[in-house]
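Protein chains get the first letters and strands the later ones, always in sequence-line order, with residue 1 at the start of each.
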There are 2 protein chains.
Amino acid sequence: MIIDNIINKIYTLPAASLELLKAQLHLVHYPKGTLLLKANIIEESMYFLSKGIARAFATVGDDEVTFYFGQEGDFIFSINTYIAGQKSYESFELLEPCELYEINVAHLKELYEIDVHLANWGRKFAEQELLRTEQRLIAMQCKTAQERYHDLLENEPELLQRVQLGHIASYLGISQVSLSRIRADRR
Amino acid sequence: MIIDNIINKIYTLPAASLELLKAQLHLVHYPKGTLLLKANIIEESMYFLSKGIARAFATVGDDEVTFYFGQEGDFIFSINTYIAGQKSYESFELLEPCELYEINVAHLKELYEIDVHLANWGRKFAEQELLRTEQRLIAMQCKTAQERYHDLLENEPELLQRVQLGHIASYLGISQVSLSRIRADRR
DNA sequence: GGAAGAATTTTACAAATGTTAAATAATACA
DNA sequence: TGTATTATTTAACATTTGTAAAATTCTTCC
């Protein structure tokens, strides 16, 4: 996905502001399996994902809980670091070889302070993440595991093809055995 | 809670920007039980809550699911309307007589476009809601109902005093019977 | 093609949570 | 104060989901 499209999908920037932002980006490539951001660290970078797929997960006791999948055009960043400047509680793993645009969070925040268009871009960025997250929360609270699975199947069918089911199960908040049961349609 | 504090708690504004924002606010009072915002409507207003407590809930099938409590200093707004300009899927009910500052969302967004400080205020506002929502989502996905209840007891003890348990149970994503069991510490 | 390893499904049983209805406690107010 | 109403807890049972381990299927790679 073209970087201009990734940026302008959030909020269309005037050319000058777009160039200010793009001047801070560095194109990078990493292989499948890379741990791009690690939990319990204050990371300095965030990433715009232009090719590939990644997941965010937290380690809870013995096992990992996946709570986000990023695909082309999505963003890879620790919410707690980006917003509160504190240690992240999630790690990001690349599930395919990925192409990303890296940006230093501190530099990005400086841009927000000096350019009203970039400040509004940053506002829209947070707002879209908020909308997505709230929808997930409501689904989690209001719907059964079975409904959540069928929603995912309907809205993100390609995800089921690209990601192994253990990750999907923990994303849905259930065990892999439960997911198998749902898929087999036995209840 | 003083309105200047509610505003500046998000992001400290220069005096001129603060006045721009405050000029759009109207102080209002409503009794307990008021449905301030209604689901399936595009509401034009949002509110800064200076006194009292409110809940957001969605109607799912026969019953209501509460997924937000707003207290002094919090905000009352439909995320889907505020962000996407679309029908809200939640309603807001006042659980006590409340004092609020009402603002027209369209006017607020105009301010975002013309003043970099207000744009950054709007950014920070969305970011803080995002952080809060993501933490709730992670708790929902990673923790047992029992842990979520004890977290609430520890972090928001006054909420348990002010809100009836049926609402707390649905906020925690469990039935009221389950909540009673957890409170009785029988398992 | 075939063996080794990884992913997924299945089985059997345990634990958690839900549902309905009844019992008890708390609150409102005539 | 006493009664009606509402909120909360308890009981009994059904359903969902989890856990551990085995069986099966799919991938990888020599």
Side-chain angles (χ1 to χ4, degrees), chain A residues 31-33 53 55 57-67 69 93-97 137 139-153 157-187, chain B residues 31-34 53 55 57-67 69 93-97 137-153 157-187:
Chain A
K32 173 175 176 171
I53 187 165
R55 71 180 180 115
F57 65 95
T59 303
V60 180
D62 268 352
D63 37 33
E64 298 174 351
V65 179
T66 295
F67 53 90
F69 292 109
E93 178 193 4
L94 305 187
L95 301 177
E96 294 175 1
L137 176 63
M140 210 66 183
Q141 227 173 303
C142 298
K143 298 194 173 182
T144 65
Q146 201 189 146
E147 289 171 315
R148 296 199 299 278
Y149 172 72
H150 287 301
D151 286 354
L152 193 68
L153 204 58
E158 70 294 353
L159 207 62
L160 275 295
Q161 304 306 316
R162 293 174 83 177
V163 173
Q164 62 190 57
L165 292 173
H167 295 150
I168 299 282
S170 94
Y171 178 78
L172 293 172
I174 57 178
S175 69
Q176 186 166 355
V177 173
S178 272
L179 179 56
S180 265
R181 275 194 281 244
I182 288 168
R183 285 163 59 85
D185 206 22
R186 294 169 294 107
R187 218 141 320 118
Chain B
K32 173 175 175 170
T34 303
I53 187 166
R55 72 180 179 115
F57 65 94
T59 302
V60 180
D62 268 350
D63 39 31
E64 297 174 350
V65 179
T66 295
F67 53 90
F69 292 110
E93 178 192 6
L94 305 186
L95 301 177
E96 294 175 1
L137 176 63
I138 291 179
M140 211 66 183
Q141 227 172 304
C142 298
K143 297 191 174 186
T144 64
Q146 200 190 145
E147 290 172 315
R148 296 200 298 278
Y149 173 71
H150 287 301
D151 286 354
L152 194 67
L153 204 57
E158 71 293 352
L159 206 64
L160 276 295
Q161 305 306 315
R162 293 174 83 177
V163 173
Q164 61 192 57
L165 292 173
H167 295 151
I168 299 283
S170 94
Y171 177 77
L172 293 171
I174 56 179
S175 69
Q176 187 166 355
V177 173
S178 272
L179 179 56
S180 266
R181 275 194 280 244
I182 288 168
R183 284 162 59 84
D185 206 18
R186 293 168 294 107
R187 217 142 319 117

What's the closest nucleotide to the [X] side chain, out of [options]?
| X | options | answer |
| --- | --- | --- |
| B/Gln164 | D/dA7, C/dT9, C/dT19 | D/dA7 |
| A/Ser178 | D/dA20, D/dT10, D/dT17 | D/dT17 |
| B/Leu165 | C/dG18, D/dA21, D/dT8 | D/dT8 |
| A/Arg181 | D/dT9, D/dT19, C/dT19 | D/dT19 |
| B/Ser175 | C/dT19, D/dG18, D/dA20 | C/dT19 |
| B/Gln176 | C/dT8, D/dT9, D/dA11 | D/dT9 |

Within this structure, what is the [atom1]-to-[atom2] distance between [X] and [N], rounded to whole angstrom?
| X | N | atom1 | atom2 | answer |
| --- | --- | --- | --- | --- |
| A/Arg162 | D/dT27 | CZ | P | 17 Å |
| B/Ile182 | C/dA16 | CD1 | C1' | 10 Å |
| B/Ile168 | D/dT8 | CD1 | C1' | 13 Å |
| A/Ile174 | D/dT15 | CD1 | C1' | 15 Å |
| B/Lys143 | C/dA16 | NZ | P | 18 Å |
| A/Gln146 | D/dT17 | CD | C1' | 13 Å |
| A/Gln141 | C/dG18 | CD | P | 12 Å |
| A/Tyr149 | D/dT17 | OH | P | 15 Å |

Please tell me which of B/Lys32 and B/Leu179 maps to the more 5' nucleotide of DNA chain C, matching each residue to the nucleotide holding its nearest heavy atom. B/Leu179

Nearest-nucleotide check on DNA chain C, A/Gly166 vs B/Gly173; residue mapping nearer the 5' end is A/Gly166

Note: A/Leu179 and A/Leu165 closest approach over all heavy atoms is CD2-O, 3.5 Å

Provide the closest heavy-atom pair for B/Gly173 versus B/Met140 in the form atom of the first, atom of the second, distance. CA-CE, 3.6 Å

Hey, are the side chains of B/Leu160 and B/Tyr149 touching, using non-hydrogen atoms and a 4.5 Å cut-off? yes

State, with a plain yes or no, whether a side-chain heavy atom of B/Arg55 is found less than 4.5 Å away from one of B/Val163. no

B/Thr66 side chain to B/Ser170 backbone, donor-acceptor under 3.5 Å: no

